[in-house]
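Input: a single structure, listed below in structure tokens.
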Amino acid sequence: MLKYLRVLFFCLPKIIWAYFTWILKFSKHPEKYSLELRFYKTQKLIRYVLKKFHINYLTYDSDELFKKNKDKARLIVCNHLSDLDPLIFIALSEKPITFAAKIQIKKMPVVGKIVTLLNGKFLDRDDLKQQLRIMKEIEGFMEHNPNLDWVIFPEGTRNKNPNQDILEFHHGTFRPAFKAGSDIVVMALFGTFRVLKIHDNSKNYPVEIKYIHRFTNEDYQNATTSKIALEAHDMMSDALKTLRKIDQVQMKNFNA
């Protein structure tokens, strides 16, 4: 509870100011403002908020991922443990990045508008036709907007038990990259689930992020989305076993 009071005290005025001065404006007419402007103002705000949660980023083999690459849009797939996960990617990426989010987020005053101003898309888990249409739209964005990367969580929902294996992947997640001929970057993330727990008042919160593998168009042109989804799932599952062990050590060190 103390961390929420701290975050509210420091961040609420800044969030309210941002909401009425540029978030509303950018989300209503994103086409009027450059993608870089919209992304970097959002990133600055998110970095400020996350800093007040006392998050410590521990990245492994991830330097190349977060460098600017304007040649081609990439599809980044990662496990999903917390509502905080998308914000971590925004905070760390040097290149504009956006998301496919569940449709319920669209109604959230700040977060929903941030997804909108970053050209993100909303998926209705109960409407297969809508999901297919949105995936087709993402494919178009990836083909025609090389300066915008996409993050999709192929589990489709948060894994509420961080110590169990990752959930089954929805192989349709990978279809936009297949159609656009884009690289598929496999990542693993651990530790974010702890940050938003009300009764967890740790001094610091280590968040581990690991780059695992990059599938190029040559790698998957003769494969199916089901095959690549299974390979990515197994890679991510193995990486998470390592990150869990690292996390145990880091929690002891950070909060000693």
Side-chain angles (χ1 to χ4, degrees), residues 23-35 38-39 42 71-80 82-83 85-87 89-90 93 95-159 166-187 215-217 219-233 236:
I23 291 177
L24 275 176
K25 180 171 63 175
F26 287 0
S27 63
K28 285 182 179 179
H29 299 286
E31 73 284 352
K32 292 185 178 181
Y33 309 93
S34 72
L35 174 62
R38 287 178 274 134
F39 176 75
T42 301
D71 295 335
K72 186 183 291 187
R74 297 169 293 186
L75 175 65
I76 300 167
V77 294
C78 187
N79 61 302
H80 194 16
S82 167
D83 290 333
D85 297 346
L87 305 188
F89 281 97
I90 292 175
S93 182
K95 179 181 177 180
I97 199 167
T98 194
F99 306 87
K102 60 184 180 182
I103 200 166
Q104 290 82 356
I105 287 178
K106 191 173 184 179
K107 297 180 180 180
M108 298 174 68
V110 177
V111 180
K113 285 182 170 47
I114 283 177
V115 174
T116 299
L117 71 87
L118 291 178
N119 294 337
K121 295 295 180 179
F122 299 96
L123 291 168
D124 187 345
R125 294 174 185 161
D126 299 321
D127 188 339
L128 181 57
K129 288 185 178 179
Q130 189 266 2
Q131 292 178 40
L132 294 173
R133 177 174 58 80
I134 293 298
M135 285 299 178
K136 186 70 174 178
E137 291 178 9
I138 293 174
E139 172 195 329
F141 262 94
M142 295 187 73
E143 286 180 324
H144 303 295
N145 296 273
N147 194 34
L148 181 64
D149 286 344
W150 284 81
V151 175
I152 301 182
F153 302 103
E155 292 170 287
T157 187
R158 286 182 296 117
N159 187 341
I166 52 179
L167 306 176
E168 183 179 353
F169 281 1
H170 298 280
H171 65 85
T173 296
F174 298 81
R175 188 168 291 117
F178 269 58
K179 296 292 186 180
S182 299
D183 289 353
I184 300 170
V185 179
V186 184
M187 302 285 294
F215 291 101
T216 66
N217 177 252
D219 293 329
Y220 62 72
Q221 61 181 351
N222 295 318
T224 63
T225 55
S226 299
K227 181 178 184 295
I228 296 300
L230 183 59
E231 290 184 21
H233 183 281
M236 206 179 294

Atom pair [atom1] ([X]) and [atom2] ([Y]), whose distance is rounded to the nearest 0.5 Å:
{"X": "Leu167", "Y": "His233", "atom1": "CG", "atom2": "NE2", "value": "7.5 Å"}
{"X": "Glu139", "Y": "Leu75", "atom1": "CD", "atom2": "CG", "value": "12.0 Å"}
{"X": "Asp85", "Y": "Ile90", "atom1": "CG", "atom2": "CD1", "value": "11.5 Å"}

### Task
For Asp83, enumerate each residue passing the salt bridge (charged side-chain N to carboxylate O under 4.0 Å, His left out) test, keeping only those at least two apart in sequence or located in another chain.
Arg158
### Query
Got a salt bridge between Arg74 and Asp149, using NZ or NE/NH1/NH2 to carboxylate O under 4.0 Å?
yes
### Task
Using the test side chain to side chain contact (heavy atoms under 4.5 Å, CB included), find all partners of Leu24 that sit at least two apart in sequence or belong to another chain.
Tyr19, Phe20, Lys113
[X] versus [Y], closest heavy-atom pair with distance:
{"X": "Pro154", "Y": "Cys78", "result": "CD-O, 3.3 Å"}
{"X": "Ala180", "Y": "Glu143", "result": "CB-CG, 3.6 Å"}
{"X": "Pro30", "Y": "Asn119", "result": "CB-OD1, 4.2 Å"}
{"X": "Val77", "Y": "Met236", "result": "O-CE, 3.9 Å"}

### Task
Apply ring pair (Phe, Tyr, Trp, His ring centres under 6.0 Å) to Phe39 and list each qualifying residue two or more places apart in sequence or on a separate chain.
none
### Message
Whether the side chain of Thr42 engages the backbone of Arg38 through a donor-acceptor N/O pair (distance < 3.5 Å, no angle test) should be reported.
### Response
yes
#### Entry: Donor-acceptor pair, side chain of Tyr220 and main chain of Ala177, under 3.5 angstrom
yes
Kindly list each side-chain donor-acceptor pair under 3.5 angstrom involving residues 97-107, sequence neighbours excluded, with atom names and distances?
residue : atom : partner : partner atom : Å
Thr98   : OG1  : Leu118  : O            : 2.9
Thr98   : OG1  : Gly120  : N            : 3.2

### Query
So do the side chains of Thr157 and His80 get within less than 4.5 Å of each other, counting heavy atoms only?
no
### Task
For residues Val151 and Pro86, determine if any side-chain heavy atom of one lies less than 4.5 Å from a side-chain heavy atom of the other.
no
### Message
Tell me which pairs pass side-chain hydrogen bond (donor to acceptor under 3.5 Å, both in side chains) where either residue lies in residues 24-33, with sequence neighbours left out.
### Response
His29-Glu31
#### Entry: Within residues 168-177 or reaching into it, pairs that qualify as side-chain hydrogen bond (donor to acceptor under 3.5 Å, both in side chains) - sequence neighbours excluded
His171-Thr225
### Task
Could you go through the side chain to side chain contact (heavy atoms under 4.5 Å, CB included) check for Asn145 and Leu35 one step at a time?
CA-CA 10 Å; Asn145 296 273; Leu35 174 62; over 6 Å; no
Under the rule for side-chain hydrogen bond (donor to acceptor under 3.5 Å, both in side chains), what residues qualify as partners of [X], not counting sequence neighbours?
{"X": "Thr224", "answer": "none"}
{"X": "Asp219", "answer": "Thr216"}
{"X": "Asn159", "answer": "Gln164"}

### Query
According to the ring-ring contact (aromatic ring centres under 6.0 Å, His included) rule, which pairs have a member within residues 125-145, sequence neighbours left out?
Phe141-Trp150
#### Entry: Parallel, tilted or perpendicular: ring planes of Phe174 versus Phe169, cut at 30 and 60 degrees
tilted
Distance-only donor-acceptor hits, side chain of residues 130-137, under 3.5 Å, sequence neighbours excluded:
residue : atom : partner : partner atom : Å
Gln130  : OE1  : Asp124  : N            : 2.8
Gln130  : NE2  : Phe122  : O            : 2.8
Gln131  : NE2  : Asp124  : O            : 2.9
Gln131  : NE2  : Arg125  : O            : 3.1
Arg133  : NH1  : Glu137  : OE2          : 3.1
Glu137  : OE1  : Lys121  : NZ           : 3.0

